[in-house]
Amino acid sequence: MSAALQMMAFGLALLSGLFLLLATCTDCWMVNADDSLEVSHKCRGLWRECVTNMQDGVRTCDQYDSILADHPVKIVVTRTLLITADLLAGLALAVLLLGLDCIKFLKEEPHVKLKMCYGAGVILGIGSILGLVGSVWYAVDVYMERAMLVSHNIFLGVHYDFGWSCWLGMAGSTGCFMASVLLTCCRY
């Protein structure tokens, strides 16, 4: 495999893995999408809910009670899938780093290094699918919740839309998948 292709796949995997990690840790998976003039900006995440006052910029966050408390299914499933995707992306990056041609580890065994790159691609592919399923699961649930309220003409004062953390999770998962394709399909 050419060194340029390996480095491109490594760079893409590293950037996408960081996107996945940021999506997991940040708290803006859902944002208020109300058309009226708002005095505050509300974000809901996997770990807490935050409100930012638009006049003075003061931000307050409420942590969810406990990780083990009863939470909506979308939060539990998304947490599980994204944490697993983060761990798999980290493992794949470590294996890929050791399998790069420019690293002196196992320099006399090019066949083993090639298998390490291929293995890293497979691990990245699995992690990317899990991350994409988690992000899309959350987005679809937000959409269904909003569609149900609109279809029943229920207005609770705030409508939520997809936040930047949700988009970041989708972008990170897609990037990991593209790096996986580069490592598994273009390895010769």
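Side chains included, hydrogens not; waters and symmetry mates left out as well; all remaining heavy atoms used.
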Hydrophobic cluster membership, [X] vs [Y], 4.5 Å side-chain cutoff:
X: V51; Y: M30; answer: no
X: L93; Y: Y118; answer: yes
X: L18; Y: M170; answer: no

Euclidean distance, Q6 CD relative to L183 CG, rounded to 0.5 Å: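 If we round to the nearest 0.5 Å, L183:CG and Q6:CD are 8.0 Å apart.
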Could you tell me which residues satisfy ring pair (Phe, Tyr, Trp, His ring centres under 6.0 Å) with F162, sequence neighbours excluded, listed by chain and number?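 Expected list: W167.
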So does F10 have more than 12 non-hydrogen atoms from other groups sitting under 6.0 Å from CZ?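 Atom CZ in F10 is crowded, with more than 12 foreign heavy atoms closer than 6.0 Å.
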So which atom in [X] and which in [Y] form the shortest heavy-atom distance, rounded to 0.1 Å?
X: D62; Y: R48; answer: O-CB, 3.2 Å
X: T24; Y: I83; answer: CG2-CG1, 4.1 Å
X: T80; Y: V76; answer: OG1-O, 2.8 Å
X: S173; Y: L20; answer: OG-CD2, 3.4 Å

Taking transitive links into account, so neighbours of neighbours count too, which hydrophobic residues share a cluster with L168 at under 4.5 Å side-chain distance?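 Other cluster members: L15, F19, L22, W164.
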With side chain to side chain contact (heavy atoms under 4.5 Å, CB included) as the test, would you mind laying out the steps for C117 and K113 before giving the verdict? CA-CA 6 Å; C117 287; K113 290 179 87 69; 5.8 Å; no
Is the SG of C43 found under 2.5 Å away from the SG of C50?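 No, the SG atoms are not under 2.5 Å apart.
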Identify, with sequence neighbours excluded, every residue that meets salt bridge (Lys or Arg N to Asp or Glu O under 4.0 Å) alongside D86.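 In terms of salt bridge (Lys or Arg N to Asp or Glu O under 4.0 Å), with neighbours along the sequence ignored, D86 is linked to no residue.
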Mark yes or no for whether [X], through its side chain, and [Y], through its backbone, hold a donor-acceptor pair below 3.5 Å.
X: W47; Y: R79; answer: no
X: S180; Y: C176; answer: no
X: W29; Y: A23; answer: yes

Suppose we screen for side chain to side chain donor-acceptor pair (under 3.5 Å). Which residues come up paired with S165, at least two apart in sequence or across chains?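 So S165 forms a side chain to side chain donor-acceptor pair (under 3.5 Å) with T26.
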Go through it in stages, so that I can follow the logic: the residues are T174 and M178, the test is side chain to side chain contact (heavy atoms under 4.5 Å, CB included), and I'd like the CA-CA distance, side-chain angles, deciding distance and then a yes or no. CA-CA 6 Å; T174 304; M178 289 175 14; 4.3 Å; yes
If you look only at distance, which donor and acceptor atoms sit under 3.5 Å apart when one is on a side chain in residues 119-142 and the other is two or more places apart or in another chain?
residue	atom	partner	partner atom	Å
S128	OG	L124	O	3.3
S128	OG	G125	O	2.8
S135	OG	G131	O	3.0

Side chain to side chain contact (heavy atoms under 4.5 Å, CB included) evaluation trace for F177 with V181: CA-CA 6 Å; F177 186 76; V181 168; 3.8 Å; yes
Any pair with a residue in residues 3-23 that passes salt bridge (Lys or Arg N to Asp or Glu O under 4.0 Å), sequence neighbours left out, goes on the list, sorted by first then second residue, please.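 Of all non-adjacent pairs touching residues 3-23, none passes salt bridge (Lys or Arg N to Asp or Glu O under 4.0 Å).
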Would you sort out whether L100 and L96 count as a side chain to side chain contact (heavy atoms under 4.5 Å, CB included), showing the intermediate values? CA-CA 6 Å; L100 292 175; L96 179 58; 4.2 Å; yes
